[in-house]
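Letters go in sequence order (proteins before strands), and every chain restarts at 1. As the structure is a computational prediction, the values presented were derived from the model and not from experiment. When reading the values below, keep in mind they use all heavy atoms of this one structure, side chains included, and skip hydrogens, waters and symmetry mates.
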There are 2 protein chains.
Amino acid sequence: MKKIPHPRKEDLELCSVLSALSDPVRLSIVKELIGRGECNCSFFCGFSLAKSTMSHHFKVLRESGLIMTTIKGTEYIHSVRKDELDSMFPGVLDSVLKSYDKRSK
Amino acid sequence: MKKIPHPRKEDLELCSVLSALSDPVRLSIVKELIGRGECNCSFFCGFSLAKSTMSHHFKVLRESGLIMTTIKGTEYIHSVRKDELDSMFPGVLDSVLKSYDKRSK
DNA sequence: TTAATAGTTCTATGAATATCGAACTATAAT
DNA sequence: ATTATAGTTCGATATTCATAGAACTATTAA
């Protein structure tokens, strides 16, 4: 059984989180995950990006501490580490996602 | 008399702002500017980065809409476009700077 | 007019990043 | 055992980025 490593909450860095969020693809992934709770990757095919590219973005999100990934069978279930992020960087995720909702592009 | 171009408030993009803030050097510049109000560059020599490198970072901050620069004599005066940012992306700058204050690194 | 000051712009470089296709891994279904 | 599924990892590429030194520009001071 494979296990995926995640950074500890205390080790999360603000700059890494901001960097992860500064990519439009990743920002919309996070937005989607927040909206749907848990989610496997199949929902993100609308990006018309290669599987390996999506995998890369999920990895960046995971390593920055933004998301958690668990394996269920052949599926990878992702979820936003919302509580931990809120406790480390209060208000950051909420304000970013709120501004993202109002975006033009 | 030289004049520096700035993006219009309405054209600011969330991802560009986040990207600009995701660099440690630029984040600390913004922090310093918020703390001091207006400021010329001379205060940032503590970074031990080349003049041209600092100039690059100020340019990135300016083009993302985070700061405004005016020229007074031979000095360049920078200030954070706080009100405009707050109106476009409410809470983002405040929460980021607050988290930055509590950082370990 | 000449020199000093403050910062930009240009050019170069090494590192990081977004992207993809191909090969691989692990689980589930037949 | 074979095949299908879901996603990772690897290798390559093209782009962007952080950095620096050298040359340049604009203003002020002498």
Expected output: side-chain [X] to main-chain [Y] donor-acceptor under 3.5 Å:
X     : Y     : value
A/S64 : A/L61 : yes
A/H6  : A/T69 : yes
A/S95 : A/G91 : yes

Between A/G73 and A/V60, just flag the one whose closest nucleotide in DNA chain C comes earlier from the 5' side.
->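 So the residue in question is A/V60.
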
A/S52 or A/K72: which one's nearest nucleotide on DNA chain C is closer to the 5' end?
->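 Counting from the 5' end, the first nearest nucleotide belongs to A/S52.
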
Please state how far atom [atom1] in [X] lies from atom [atom2] in [N], giving the value in whole angstrom units.
X     : N      : atom1 : atom2 : value
B/H57 : C/dT8  : NE2   : C1'   : 15 Å
A/K59 : C/dT17 : NZ    : C1'   : 13 Å
B/L49 : D/dC17 : CG    : P     : 17 Å
B/I71 : C/dT9  : CD1   : P     : 9 Å
B/H56 : D/dT19 : NE2   : C1'   : 8 Å
B/I4  : D/dT27 : CD1   : C1'   : 14 Å

Evaluate the side-chain proximity of [Y] to [X]: yes if any heavy-atom separation is below 4.5 Å, no if none is.
X     : Y     : value
A/L27 : B/L14 : yes
A/L85 : A/V92 : no
B/M68 : B/H78 : no
A/Y76 : A/I4  : yes

Positions of residues 17-32 of chain B (non-hydrogen atom under 4.0 Å from DNA chain D), listed by number |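 Output list: B/D23, B/R26.
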
Which residue pairs pass the side chain to side chain donor-acceptor pair (under 3.5 Å) test with at least one member in residues 25-34 of chain B, sequence neighbours excluded?
->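 Qualifying pairs, neighbours excluded: B/R26-B/H57, B/K31-B/D101, B/E32-B/R36.
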
Could you run down the sub-3.5 Å N/O contacts of the protein with nucleotides 3-7 of chain C?
unit_1: C/dA6; atom_1: O4'; unit_2: B/T74; atom_2: O; d: 3.0
unit_1: C/dA6; atom_1: O4'; unit_2: B/T74; atom_2: OG1; d: 3.4
unit_1: C/dA6; atom_1: O3'; unit_2: B/T74; atom_2: O; d: 3.4
unit_1: C/dG7; atom_1: OP1; unit_2: B/C41; atom_2: N; d: 3.1
unit_1: C/dG7; atom_1: N7; unit_2: B/K51; atom_2: NZ; d: 2.6
unit_1: C/dG7; atom_1: O6; unit_2: B/K51; atom_2: NZ; d: 3.0

Do B/K98 and B/D94 meet the salt-bridge criterion of a basic N to acidic O distance under 4.0 Å?
->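 B/K98 and B/D94: not salt-bridged.
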
